[in-house]
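Here is the structure we will look at, set down as structure tokens.
Start at 1 and go down the list; that is how both ligands and their atoms are numbered.
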Amino acid sequence: MPNYNRIDIAFEHGEGAYLFDTAGRRYLDFGAGIATSSLGHGHPQLTAAIAAQAGRVMHVSNLYRVPEAERLAARYVAASFADSVFFCNSGAEANEGLVKAMRKTMSDAGKPERTRVICFEGAFHGRTLAMIAATGNAKYLAGFGPAVEGFDHVPFNNLNALRAAITPQTAGILIEPVQGEGGIRPAQLQFLRDLRATCDEFGILLGMDEVQCGIGRTGKLFAHEWAGITPDVMSIAKGMAGGFPMGAVLATEAVAKALVPGSHGTTFGGNPLAAAAGNAVLDVVLAPGFLDQLDDVARYLWRGLVTLTGKYPSVFTEARGAGLILGLKCAVPNGEAQNAALAEGLLTVAAGDNVLRLVPPLIIGQAECDEALALLDRTARRCLPSQAAMAAK
Ligand SMILES: *Cc1c(COP(=O)(O)O)cnc(C)c1O
């Protein structure tokens with residue numbers, strides 16, 4: 001179907017942070033399939049784990065126990081606020097499960113009127129019918145009405161607006177600690193702390209969408225850890241199985257207990273193959289020193305990006321983000337910057353708010369950062385003439 005605007009390039013294979021197209025050209029991949037190929041391409045541990053599991057058993061359904069998924073869930077529980085995990089297949093599906101868990105928790109608590117979830121301007125929660133309503137972006141809703149009921153929107157990082165939106169119908173809040181599609185906009189850490197306190201004050205649930213910023217991308221396993229608070233329920237997906245389709249809802253016992261047998265489910269979710277991929281990703285990300293090393297590399301890259309904005313302020317006006325979820329706010333159309341980067345052999349992803357998004361595999365080192373910065377320097381020089389033309393208009 002014609003729902004994608006595809007770039008006319010096909011990749012034949014990949015190695016680490018590099019992709020090679022069918023013509024043999026090499027690209028440095030700072031898009032990672034939209035923040036998903038967390039271990040890069042052809043990672044030996046991940047590919048071996050998938051191949052071995054595929055040869056044993058791929059799928060059995062959730063009618064039976066799945067030891068690989070039990071192990072993965074136990075590891076997430078040990079490494080997070082969560083007491084319980086539900087596996088699914090995508091970010092949107094994880095968010096659907098998260099919202100269902102919120103509503104059911106309220107219903108079971110004798111407050112069935114509490115069905116509404118407060119979301120934020122600039123959010124992105126996925127493309128299902130309910131999640132385009134949660135996203136609230138008119139562009140994604142157009143033509144798909146009637147919009148699913150139950151989502152309210154307030155400005156990002158604005159506590160007064162948030163508090164004013166809470167009503168007796170509110171079940172909870174859903175926030176990305178770092179907005180991805182919306183333009184790499186981090187929530188202020190104090191705002192996240194205030195949200196936690198506000199949820200406790202009003203007896204409502206705090207939900208985090210860490211589909212893009214979770215699984216080590218900010219330098220901690222989960223982005224909310226930087227604020228020193230925990231949510232009641234959280235969705236993850238993109239990077240969790242290194243490119244194999246997988247999502248999950250993590251929750252405290254108080255929320256998880258609402259999803260009794262028969263209340264929610266999935267055929268594919270958490271099958272042995274997906275769980276093997278998920279375990280291989282955690283083997284790497286939770287290895288001692290991995291996240292500290294990522295944090296060092298990310299700070300090095302950040303300094304380079306800030307230098308770049310100083311050198312080419314008429315092309316890149318600002319560096320944004322945290323860890324390896326980074327963006328350059330553009331003074332030229334971001335699509336043009338993306339094309340210029342592509343011409344230089346650097347893959348990036350456009351994001352909202354005219355931002356060029358940089359979400360490389362988590363396994364990059366200083367050498368890949370140096371190369372990316374050099375390619376971005378050339379990208380900026382390519383964009384200078386168009387900037388001059390825009391200024392002359
Ligand atoms: C990508 C994304 C989603 C949707 O994930 P899909 O796997 O495409 O359904 C939801 N929330 C956030 C924050 C995302 O970045």
Q. Considering only heavy atoms from C-beta outward, does the side chain of Met234 approach that of Phe81 to under 4.5 Å?
A.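 Yes, close enough: below the 4.5 Å cut-off.
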- [ ] Evaluate the side-chain proximity of His59 to Thr267: yes if any heavy-atom separation is below 4.5 Å, no if none is.
- [x]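 When only atoms from C-beta onward are counted, His59 and Thr267 do touch, with a gap below 4.5 Å.
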Lys104 side chain to Ala258 main-chain N or O, any donor-acceptor pair under 3.5 Å?
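Between the backbone of Ala258 and the side chain of Lys104 there is a qualifying donor-acceptor contact (under 3.5 Å).
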Does Ala350 offer a backbone N or O that forms a donor-acceptor pair with the side chain of Arg357 under 3.5 Å?
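Confirmed, Arg357 side chain pairs with Ala350 backbone.
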Is there at least one protein heavy-atom neighbour under 4.0 Å from atom 5 (O) of ligand 1?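 Yes.
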Go through ligand 1 atom by atom and flag the ones less than 4.0 Å from a non-hydrogen atom of [X].
| X | answer |
| --- | --- |
| Asn95 | 10 (C), 11 (N) |
| Gly126 | 4 (C), 10 (C) |
| Asp209 | 10 (C), 11 (N), 12 (C), 13 (C) |
| Ser90 | 7 (O), 9 (O) |
| Ala92 | 4 (C), 5 (O), 6 (P), 9 (O) |
| Glu176 | 13 (C) |

Which protein heavy atom lies closest to [atom], and at what distance to 0.1 Å?
| atom | value |
| --- | --- |
| atom 12 (C) of ligand 1 | Phe124 O, 3.3 Å |
| atom 7 (O) of ligand 1 | Gly91 N, 2.8 Å |
| atom 1 (C) of ligand 1 | Lys238 NZ, 1.4 Å |

Lys/Arg-Asp/Glu bridge criterion (N-O < 4.0 Å) met for Glu371, Arg26: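 Salt bridge flag = yes for Arg26 with Glu371.
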- Task: Using a strict cut-off of less than 4.0 Å between a Lys/Arg side-chain nitrogen and an Asp/Glu carboxylate oxygen, indicate whether Lys257 and Asp108 qualify as a salt bridge.
- Result: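 Salt bridge absent between Lys257 and Asp108.
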Checklist line | N/O separation below 3.5 Å, Gln212 to ligand 1 | finding: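 Yes: some nitrogen or oxygen of Gln212 is under 3.5 Å from one in ligand 1.
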Check: Would you call the rings of Phe120 and Phe191 parallel, tilted or perpendicular if under 30° counts as parallel and over 60° as perpendicular?
Finding: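 Geometry flag for Phe191 against Phe120: perpendicular rings.
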Requested in this report: Rounded to the nearest 0.5 Å, what's the gap from CD1 on Ile175 to CG on Leu195? Could you check?
Outcome: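 If I round to the nearest 0.5 Å, the distance is 5.0 Å.
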(message) Nearest non-hydrogen contact with atom 10 (C) of ligand 1 belongs to which option: Glu96, His125, Met208?
(response)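 Heavy atom nearest to atom 10 (C) of ligand 1 belongs to His125.
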